[in-house]
Amino acid sequence: MSACVPARADSARTKHIHPPHSPPPGGPRRFRLAGADVSAAIAVFLIALPLSLGIALATGAPLQAGLVAAAVGGIVAGRIGGCPLQVSGPAAGLTVVTADLIQRYGWRTTCAITILAGLAQLGLGCLRVARSALAVSPAIVHGMLAGIGVTIAVAQLHIVLGGTPQSSVPDNLVALPAQLANLHPADLAVSVLTLTLLLLWPRVPGRAGALLGKLPAALIAVAGATAVASLTGLLLPKVDLPSWSSHALATLPDGPVLGLLAAVLTTTLVCSVQSLLGAVAVDKLVTARPAPAGHVKRSNLDRELLGQGAANVVSGSLGGLPIAGVAVRSSANVAAGAVSRNSTMLHGVLVVIAALLMVPALELIPLASLAALVMAVGLKMVSLNHIRTVTRHREVLVYAVTTFGVVFLGVLEGVALGIAVAVGVALHRLTRTRITHDQVEGVHYVHVRGQLTFLAVPRLSRILHQVPPGADAAVELDGSFMDHAAYETLQDWQKTHTAQGGAVDITGRRPGTRISEPAEEDGCRCRPWTPWRNHQCERPPKAPPPDAHGQAATDGSTGGTLGAATDPTAPGTRDARDTRDTAGAPGAPQHPLGASGAADGPTGHELARGISAFHRNTGPLMRRELARLAREGQQPSQLFLTCADSRVVTSMITSSGPGDLFVVRNVGNFVPLPGEESGDDSVAAAIEYAVDVLKVRSITVCGHSGCGAMQALLDAEHGGARTPLQRWLRHGLPSLERALPDLDARANEPEQEQGPQEGRSRPLLAGRGPVDAAERLCLANVVQQLEHLRAHDSVARALRAGDLELHGMYFHVGEAQSYLLSEDAEGGVFALVPTTDLTA
């Protein structure tokens with residue numbers, strides 16, 4: 001035991017020494033400030049300075065309170081918060097709430113309410129309920145912001161005209177005529193100049209506009225108005241920053257308990273929701289940034305809530321305004337290229353420096369200029385884009401009620417009204433179901449829109465009984481929910497109608513939606529693009545009853561067991577798709593689907609099941625569209641020329657539908673040169689028909705990875721006997737020469753068939769080189785076939801007229817990635833097609 005004591009002592013003394021096989025650790029980690037963060041912090045500071053003063057003016061708080069909130073929001077929330085690039089500070093969305101609190105309880109009690117709201121946010125952050133705040137309908141949030149924006153604009157309009165705003169929107173509207181009759185020209189002139197600079201500064205054209213546009217319009221507008229007011233000697237009310245020694249701090253809250261609780265709840269709600277939604281929006285902006293300078297982590301919403309709570313506690317304690325994430329500053333921070341939270345924190349430090357050292361300059365700013373700036377911000381909060389979005393989602397009523405509630409009643413009351421209306425709309429949608437019946441070409445269609453619950457069963461039953469007995473019927477369910485009562489009603493009617501000789505097809509939005517239990521032959525619930533061999537709906541084959549000797553019964557026509565004939569994975573059996581041995585066997589049943597038949601042969605069985613699944617799931621959804629295409633004829637916009645490989649599904653990789661693509665497929669996606677088709681004019685005929693008759697606007701040649709034709713070109717010995725496949729592969733020899741010019745691939749070809757191949761650069765994949773010779777040949781083949789396309793007369797004429805475009809494409813099967821050819825050189829580079837947000 002004694003021998004162990006020194007060892008422990010030694011280990012205690014040496015526990016900080018690096019492991020023997022690791023390099024010694026470096027010194028303490030040094031703080032590094034990226035240049036992008038510095039420039040972003042300056043840009044945000046220039047925006048935050050005038051806006052903070054303007055929001056403080058709009059709330060009726062001391063003007064220093066806006067600077068305190070901006071500094072605390074940048075430093076505290078920026079350091080603790082979970083969204084690195086979100087900039088926090090006094091927000092326009094809190095203006096109405098804060099103004100009402102100051103009017104009702106006074107400034108010092110408002111600071112105490114801010115502290116309590118921050119403590120509430122800290123509690124919510126510890127409970128990890130931040131995600132639940134995102135459950136609030138966007139229509140309510142947009143309506144709340146719009147109502148706050150209207151309230152701000154109406155109030156600041158009085159200051160713009162040289163007056164004093166009232167405490168509510170109705171009072172401001174009533175007092176507006178008298179204010180217009182008694183306006184002050186100097187205040188109005190400065191306000192108009194501010195708004196003019198604010199609108200025109202981002203629109204300065206040319207190179208000068210690109211340089212000047214880096215300066216924020218808000219700073220230029222306020223600075224320009226201040227300079228004009230100072231140079232002209234206009235007598236205007238200006239910013240008054242009292243000494244920091246007399247700055248008012250928080251006191252114990254004084255007022256009715258219920259009123260204070262409501263005030264804390266309102267402040268907490270508005271600050272939290274606006275900050276969390278802002279964090280989500282910042283994540284989207286960072287993701288959409290074209291070339292980020294560094295990796296930025298996604299937001300941690302619970303940590304963001306903790307950061308906002310801590311910032312509100314500190315801001316309220318120091319006599320600052322309530323704090324929330326600010327969309328304008330956050331957007332500017334992301335756009336300026338910020339890469340870490342250092343930009344947000346540095347902007348807060350700059351605000352502190354300005355508040356301490358720039359007081360004389362800040363006191364030159366006219367209040368009318370700040371009021372005009374805040375009024376413009378308020379008007380921008382009524383976003384037309386938001387209105388279009390809620391209109392598209394049929395939530396205009398929720399948006400309008402919330403907006404008018406905030407304007408005429410208050411923020412908390414307006415949000416409560418919006419929530420009530422949103423719940424009512426959701427219940428109305430749940431209970432309101434539209435059921436229609438029409439007849440098209442002898443088929444009776446019953447279309448159900450909405451959720452199918454027991455409340456809709458009487459109407460559903462009445463409509464279903466309008467379908468005559470024995471008629472063909474299709475019930476289309478356009479909803480995501482159906483309760484048990486509706487299910488039984490549909491099932492009973494289906495059984496009755498089928499028993500009377502009718503046919504019923506019940507479909508839904510999702511593939512595989514059915515009412516009755518699937519039949520034994522066609523119960524496929526797999527997706528349309530699921531390969532046959534990967535279908536999970538296949539039932540295991542039924543074992544044949546044993547004979548007297550205990551052996552499985554056999555099919556005399558094929559000599560194999562029934563179980564083995566239907567199980568392609570059974571040991572000792574051939575592939576289920578290989579039916580050559582039984583195609584002409586005596587006694588084998590004949591069937592239109594193939595020699596093996598739909599029931600006896602696996603291949604025909606798979607085909608029949610696939611057709612049945614189309615009839616049941618996809619056909620009813622496509623019937624009207626296909627009927628329209630049948631009437632109008634095909635009008636494709638593209639000719640898509642690709643390989644006959646079974647793994648290249650053109651409609652899937654291009655997200656196209658019937659009538660979009662005119663597809664030509666052959667082995668190797670070859671475009672034979674005119675006059676060298678070797679007796680096969682099918683490709684040239686398709687090109688001529690697509691360009692001259694169908695008037696397609698583009699032609700795409702698509703190659704793919706793992707192409708068997710390219711591998712055959714590499715492996716084949718060119719010359720000697722000519723099979724049909726070898727004769728066809730001759731059209732790929734120019735591609736082989738382009739890809740591998742050192743390979744004497746055409747040594748045995750006639751002299752006249754060899755064109756000049758020297759000097760051609762090889763096409764590449766962006767970001768990496770070809771993995772092997774086969775992939776290099778695939779890329780070169782696409783470029784070569786585009787050259788062959790230009791040699792066709794119809795293509796050449798359309799290209800000269802500017803009516804046609806040629807595109808090259810490479811599809812990597814294993815990665816499910818598509819590359820488009822951008823011909824920046826003779827060879828060209830295949831660039832990966834990026835994934836885009838189509839809902840943005």
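By convention here, the first residue in the shown sequence is residue 1. Quick caveat: nothing in here was measured; it's all calculated off a predicted structure. Because only heavy atoms are used, hydrogens play no part in the values below, and waters and symmetry mates are left out as well, while side chains stay in.
The distance from atom CG of Asp37 to atom CG of Asn342, rounded to the nearest 0.5 Å, is 5.5 Å. How far CD of Gln638 is from OG of Ser698: 3.0 Å, rounded to the nearest 0.5 Å. Atom-to-atom distance recorded for Met710:CE and Leu729:CG is 7.5 Å, nearest 0.5 angstrom. Summarising the geometry, atom CH2 belonging to Trp728 is positioned 13.5 Å from atom OG1 belonging to Thr723; distances are rounded to the nearest 0.5 Å. Here Cys702 contributes atom SG and Phe811 contributes atom CZ; the two are 8.0 Å apart, rounded to the nearest 0.5 Å. We find the CG-CG distance between Leu821 and Leu786 to be 6.5 Å, quoted to the nearest 0.5 Å.
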Contacts under 3.5 angstrom, residues 623-631 side chains, donor-acceptor by atom type, not counting sequence neighbours:
residue	atom	partner	partner atom	Å
Glu625	OE1	Arg628	NE	3.4
Glu625	OE2	Arg628	NH2	2.6
Arg628	NH1	Glu632	OE1	2.6

Going by atom type alone, with no hydrogens or angles, which donor-acceptor pairs under 3.5 Å involve a side-chain atom of residues 793-807 and a protein atom two or more places apart or on another chain?
residue	atom	partner	partner atom	Å
Arg797	NH2	Asp692	OD2	3.4
Glu805	OE1	His807	NE2	3.2

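Partners of Phe662 under the ring-ring contact (aromatic ring centres under 6.0 Å, His included) rule, at least two apart in sequence or in another chain, are Tyr689. Shown here are the side-chain hydrogen bond (donor to acceptor under 3.5 Å, both in side chains) partners of Asn333, two or more places apart in sequence or in another chain: Ser343. For Asp772, the side-chain hydrogen bond (donor to acceptor under 3.5 Å, both in side chains) test picks out no residue, with sequence neighbours left out. For Cys83, the side chain to side chain contact (heavy atoms under 4.5 Å, CB included) partners two or more places apart in sequence, or in a different chain, are Gln86, Ala279, Val282, Ser299, Glu304. Looking at residues two or more places apart in sequence or on another chain, you find a side chain to side chain contact (heavy atoms under 4.5 Å, CB included) between Thr389 and Asn385, Arg392, His393. Listed by chain and number, the residues in a side-chain hydrogen bond (donor to acceptor under 3.5 Å, both in side chains) with Ser656 are Thr654 (sequence neighbours excluded). Residues forming a side-chain hydrogen bond (donor to acceptor under 3.5 Å, both in side chains) with Asp645 (at least two apart in sequence, or on another chain): Arg647.
Counting all heavy atoms, side chain and backbone alike, Ala684 lies closest to His792 at CB-CE1, 3.8 Å. In plain terms, the two heavy atoms of Leu714 and Leu736 that are nearest each other are CD2-CD1, 3.7 Å. When all heavy atoms are compared, the tightest approach of Pro636 to Leu694 is CG-CD1, 3.8 Å. Heavy atoms only, all atoms of each residue included: Asn669 and Gly703 are closest at OD1-CA, 3.8 Å. Considering all non-hydrogen atoms of both residues, Phe670 and Leu713 come closest at CZ-CD1, 4.1 Å. Of all heavy-atom pairs between Gly668 and Cys643, the closest is N-SG, 3.5 Å.
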In sequence, state the C-alpha distance, the side-chain angles, and the governing distance for Arg738 and Val783, and then conclude on side-chain contact (heavy atoms from CB on, under 4.5 Å). CA-CA 9 Å; Arg738 173 187 287 272; Val783 178; 3.8 Å; yes
Show your working on side-chain contact (heavy atoms from CB on, under 4.5 Å) between Lys695 and Val691 and close with a plain yes or no. CA-CA 5 Å; Lys695 305 295 184 183; Val691 175; over 6 Å; no
For the pair Asn666 and Leu641, evaluate side-chain contact (heavy atoms from CB on, under 4.5 Å) and give the outcome as yes or no after the intermediate values. CA-CA 8 Å; Asn666 61 52; Leu641 202 152; 4.2 Å; yes
Let's go through Ser735 and Leu777 carefully: what are the C-alpha distance in whole Å and the side-chain angles of both, what is the deciding distance for side-chain contact (heavy atoms from CB on, under 4.5 Å) to 0.1 Å, and is it a yes or a no? CA-CA 7 Å; Ser735 303; Leu777 180 56; 4.1 Å; yes
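Contact of the Leu639 side chain with the Thr700 side chain is not registered, since no non-hydrogen atoms from C-beta on lie closer than 4.5 Å. Proximity of Pro658 to Gln634: side-chain heavy atoms (C-beta onward) are nowhere separated by under 4.5 Å.
Legend: side chain to side chain donor-acceptor pair (under 3.5 Å) pairs involving residues 701-711, not counting sequence neighbours, sorted by first then second residue: Gln711-Asp715. Sorted by first and then second residue, the salt bridge (charged side-chain N to carboxylate O under 4.0 Å, His left out) pairs involving residues 660-671 (not counting sequence neighbours) form an empty list.
The closest donor-acceptor contact from the side chain of His812 to the backbone of Gln817 lies at 3.5 Å or more, if one exists at all.
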